[in-house]
Amino acid sequence: MRYSKTLIPTLKETPAEAEVISHRLMLRAGFIRKLTAGVYSYLPLGLAAIRKVENIVREEMNRAGAQELLMPMVQPADLWVETGRYKKYGPELLRFHDRHNRESCLGPTHEEVITDIARKELHSYRDLPINLYQIQTKFRDEIRPRFGLMRGREFVMKDAYSFDVSDEAASLSYQKMYDAYKRIFTRCGLEFRAVQADSGSIGGSFSHEFMVLAKTGEDTIVICKNCEFAANMEKAAVVVAPKERVEPMAELEKIETPGKRKVEAVCEFLGIEASKLVKTMVFKADGVPVAVLVRGDRDVEEVKLKNLLGAADVELADDKEVFDATGVPTGYLGPVGIKIKVVADQEVASMENFYVGANEKNFHLKNVNLDRDCTIEAIGDLRQITTADPCPECGGQLATTEGIEVGHVFKLGTGYSESMNATFQDQHGKEKHFVMGCYGVGVTRVVAAAIEQNHDENGIIFPIPLAPFSVVVLNLGVNDKVITDAAEKLYGDLQKAGIEVLLDDRDERPGFKFKDADLLGIPFRVNVGKGFVKSGQVEVKNRKTGDVEEMTPESLVTVLKKRISSALSS
RNA sequence: CGGGGCGUAGCGCAGCCUGGUUAGCGCGCCUGCCUUGGGAGCAGGAGGCCGUAGGUUCGAAUCCUACCGCCCCGACCA
């Protein structure tokens, strides 16, 4: 394409709305423009990058034996009522009425629609296994859209759904997708990790997330320095070594702690370590207050709490709610004689003669022992893992890093097929529910994540497989016939060689073109200028390494063709 | 939804506190000259319901009220 004929509205200054680097650069490079909160138009170059991701995803899905289809974005509420998600999904599901006043919604995901297709069109075990996918625009009315394409309300997603005869067969389908995803992100040229994950509101039993490693990631992931273990922080299991009781149970004692509310203050006042204290946090689980016990120096992991309680939603109660529920001001709460349900982190169960709030202002209790003094509803892994904890799989040392979730694979089981009564007949003529899996890739987010991971102060540095163009040819002498002829010929020759090339044929000064080329992040920049008139050679600059080489246009075509195709075939 | 901030030319901002007649600056855009290896220079020019509605006032971008929109921090997720 010719730059002069292409809409690439680059910006010298960064629009005030953009906070994270990918958002800023996509705006500045003229890739996207915002229409309204969380909703963007994709301009030609932005779309080109999105198409690159789509094509890689499509090829790998097809290679894995999945079939592409396309489902509607507008869906009838009835379907969502069947699975119970019309209620459960909450305000993120954009609902509206059509002219006949029928309830409808914009699809944030397509389990309902695909399951409807399955129950209507798949009847026999002979039809299975099958994996159907689409690449489509989704709409989720996010509470707070932000970071440009990283968390938009409207975004492009690849979603795939597998149907199997049994759990074992479903595991195979899952594994195939897991492998396909590894190939996808490897081919995209991204540094990523597959991690164990919580399955969230989509439901299901088993799940992995694919995380692009980047400082701006919204998720924290935990990886083992010793083995292959990697998990989302919110999922990573804490393993506590079983501990023998060493101290005899001491007598319960009430001690005065005037005005000492925070863990730190209490510990300092009493001259104890935070690990001898148990804090009592009150959460609202689907609106019902529950007290949660963790060691003083630990943090509650809300996702784990949610799972233990089987709640759809948990939220830390504020001071007033705590007082209303317990009659105790925050800071002096404790499990002994508290009015509400109590759950405890497993670690607390092995603590001896510890300290807690006395459920009375300005008092704490000493020498508390869980089994003797408290009534506990449930004990489980409720706290956030730390790098001081052992790897749950090999006991090795853990490290944390930030990641951007770009893909997620779930084993769904029969939840949807049961609620929607989607069945097939097995070999023995018996009706069975499909065992399902679902698999998502955030296509637009992949582009954002790629930029988060690959940029410098001058702009984007696209991995070759995702770049809108592989090469940009700069005509640095549009008024010079020799230079212009050479640039035009090179442009044509590169195209003939099957290379995607942008020709900067604008009547601009060289520095201006360099800046734009860097900003756009095109992997190879070819300068055709005065040097060519003198020596017959052009310059190639590698956007990533900054390396500059000189060669004749003829050898350039050969060299670039080789480099690009090797990058694409990795 | 809770907390914080912002809406003035295509973009980035000043002006507002302390109302006053032609609303400014930089970038970008248009014309011409000049220039041509890291976002040049000179000259001329176009472009603004000052977010919307109401109120106060002789007079409102400026003060007051409501609404709308956007951004940032928390709960959600590809």
Side-chain angles (χ1 to χ4, degrees), chain A residues 9-20 23 27-28 30 33-39 53 57 89-93 108-110 135-160 181 197-202 207 209-212 218-219 232 234 283-284 302-303 306 312-316 318 404-410 438-449 458-459 474-480 483 506-519 525 527-533 539 541 548:
Chain A
T10 57
L11 264 22
K12 218 183 273 191
E13 283 173 297
T14 308
E17 68 187 53
E19 180 83 352
V20 298
H23 189 195
L27 249 14
R28 281 196 54 208
R33 286 295 183 261
K34 185 176 68 185
L35 215 212
T36 182
V39 178
V53 177
V57 167
Y89 214 92
E92 232 177 274
L93 183 64
T109 176
H110 282 69
I135 295 173
Q136 194 220 26
T137 297
K138 297 276 187 268
F139 191 91
R140 293 184 188 171
D141 202 354
E142 290 279 344
I143 301 165
R144 186 152 92 85
R146 63 184 132 173
F147 303 155
L149 294 195
M150 289 261 276
R151 181 180 296 282
R153 292 194 296 167
E154 194 176 286
F155 58 97
V156 177
M157 177 171 161
K158 185 283 304 180
D159 47 326
Y181 274 37
D198 185 70
S199 46
S201 67
I202 294 189
S207 135
E209 286 165 345
F210 287 78
M211 297 281 192
V212 167
E218 294 183 89
D219 290 274
N232 192 312
E234 58 188 33
F283 284 82
K284 291 180 294 173
E302 294 188 17
V303 170
K306 202 154 105 176
D313 181 56
V314 299
E315 193 185 344
L316 192 61
D318 62 32
I404 301 165
E405 183 187 355
V406 290
H408 203 157
V409 293
F410 297 86
C438 80
Y439 318 93
V441 172
V443 172
T444 35
R445 188 183 275 182
V446 168
V447 177
N458 293 314
L474 304 191
N475 177 347
L476 298 178
V478 285
N479 298 317
D480 183 311
I483 292 172
R506 296 173 300 170
D507 185 6
E508 293 290 352
R509 299 158 59 87
F512 197 89
K513 295 189 177 189
F514 294 149
K515 288 289 185 187
D516 270 340
D518 284 352
L519 181 59
R525 183 181 91 199
N527 301 334
V528 185
K530 283 186 300 205
F532 176 78
V533 182
E539 283 170 356
K541 182 160 182 177
V548 179

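A, B, ... follow the sequence lines: proteins, then strands. Residue 1 opens every chain.
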C1' atoms of B:A78 and B:U35, separation to the nearest Å: 50 Å

Any A:Arg28 side-chain nitrogen or oxygen under 4.0 Å from OP1 or OP2 of B:G28: no

Pair A:Glu142 + A:Arg151, salt bridge at N-O below 4.0 Å: yes

A:Thr10 side chain vs A:Gly30 backbone, donor-acceptor pair below 3.5 Å: no

Sugar-phosphate, base or nothing in reach of A:Lys541, heavy atoms under 4.0 Å: base

B:G39 OP1/OP2 closer than 4.0 Å to side-chain N/O of A:Lys12: no

Pair assignment for B:A43, Watson-Crick or G-U wobble, requiring both distances under 3.5 Å: B:U31

A:Arg144 side chain near B:A75 phosphate (N/O to OP1/OP2, under 4.0 Å): no

Contacts of A:Arg525 that satisfy side-chain hydrogen bond (donor to acceptor under 3.5 Å, both in side chains) - sequence neighbours left out: A:Asp518, A:Asn527

Rounded distance (Å) that lies between atom P of B:C71 and atom CD1 of A:Ile143: 15 Å

Euclidean distance for C1', B:C72 against B:A66 (whole angstrom): 24 Å

Any donor-acceptor N/O pair, A:Arg140 side chain to A:Glu154 backbone, under 3.5 Å: no

Sugar-phosphate only, base, or nothing, as touched by A:Leu35 at under 4.0 Å among non-hydrogen atoms: nothing

B:C77 base / A:Arg140 side chain donor-acceptor hit below 3.5 Å: no

Sugar-phosphate only, base, or nothing, as touched by A:Ala16 at under 4.0 Å among non-hydrogen atoms: sugar-phosphate

Interatomic distance at C1', B:C16 relative to B:C73, whole Å: 27 Å

For the student: nearest non-hydrogen atoms of A:Ala37 and A:Arg153, plus distance: O-NE, 2.9 Å

Sugar-phosphate only, base, or nothing, as touched by A:Asp518 at under 4.0 Å among non-hydrogen atoms: base

Set out, line by line, the N/O atom pairs under 3.5 Å between protein and nucleotides 66-70 of chain B.
unit_1	atom_1	unit_2	atom_2	d
B:C70	OP1	A:Thr36	OG1	2.8
B:C70	OP1	A:Ala37	N	2.9
B:C70	O3'	A:Lys34	NZ	2.7

B:C76 base / A:Arg151 side chain donor-acceptor hit below 3.5 Å: yes

Base B:G26 to side chain A:Glu13, donor-acceptor N/O within 3.5 Å cut-off: yes

Pairwise 5' ranking along RNA chain B for A:Glu19 and A:Thr444, keeping only the more 5' one: A:Glu19

Pairing partner of B:G48 (Watson-Crick or G-U wobble, both distances under 3.5 Å): none

Sugar-phosphate, base or nothing in reach of A:Gly152, heavy atoms under 4.0 Å: base

Residue pair A:Asp480 / A:Val533, side-chain heavy-atom distance below 4.5 Å: yes

Ion pair check, A:Glu19 and A:Arg146, cut-off under 4.0 Å: no

Touch class at under 4.0 angstrom, heavy-atom based, for A:Asp480 against every strand present: nothing

Pairing partner (Watson-Crick or G-U wobble, both distances under 3.5 angstrom) of B:G37: none

P spacing across the pair B:G54 / B:A60, given as an integer number of angstrom: 13 Å

Residues A:Lys138, A:Asp159: salt bridge by 4.0 Å N-O rule: yes

Pairwise 5' ranking along RNA chain B for A:Val443 and A:Glu315, keeping only the more 5' one: A:Glu315

Watson-Crick/G-U partner (both atom distances under 3.5 Å) of B:U56: none

Listed nucleotide nearest any side-chain atom of A:Phe155, set B:G39, B:A78, B:C76: B:A78

Pair of N/O donor and acceptor under 3.5 Å linking B:G38 base with A:Asn458 side chain: no

Interatomic distance, A:Lys138 NZ vs B:A78 P [rounded to whole Å]: 11 Å

Closest heavy-atom pair and its distance - A:Pro91, A:Asp141: O-CB, 3.7 Å

Pair partner, B:C25 [Watson-Crick or wobble, under 3.5 Å]: B:G12

A:Lys158 side chain to A:Tyr439 backbone, donor-acceptor under 3.5 Å: yes

Separation between the P atoms of B:U36 and B:U21, rounded to whole Å: 46 Å

P gap between B:G69 and B:U31, integer Å: 39 Å

B:U65 to B:G48 separation - C1' atoms, rounded to the nearest Å: 26 Å

Heavy-atom protein contacts under 4.0 Å, nucleotides 32-37 of chain B, coded B base, S sugar-phosphate only, - none: ---BBB

B:U62 versus B:U18 - spacing of their C1' atoms, nearest Å: 10 Å

Nucleotide forming a Watson-Crick or wobble pair with B:C17, both distances under 3.5 Å: none

Side chain A:Tyr181, main chain A:Gly440, donor-acceptor under 3.5 Å: yes

Flag, side chain of A:Arg28 to backbone of A:Glu13, donor-acceptor distance under 3.5 Å: no

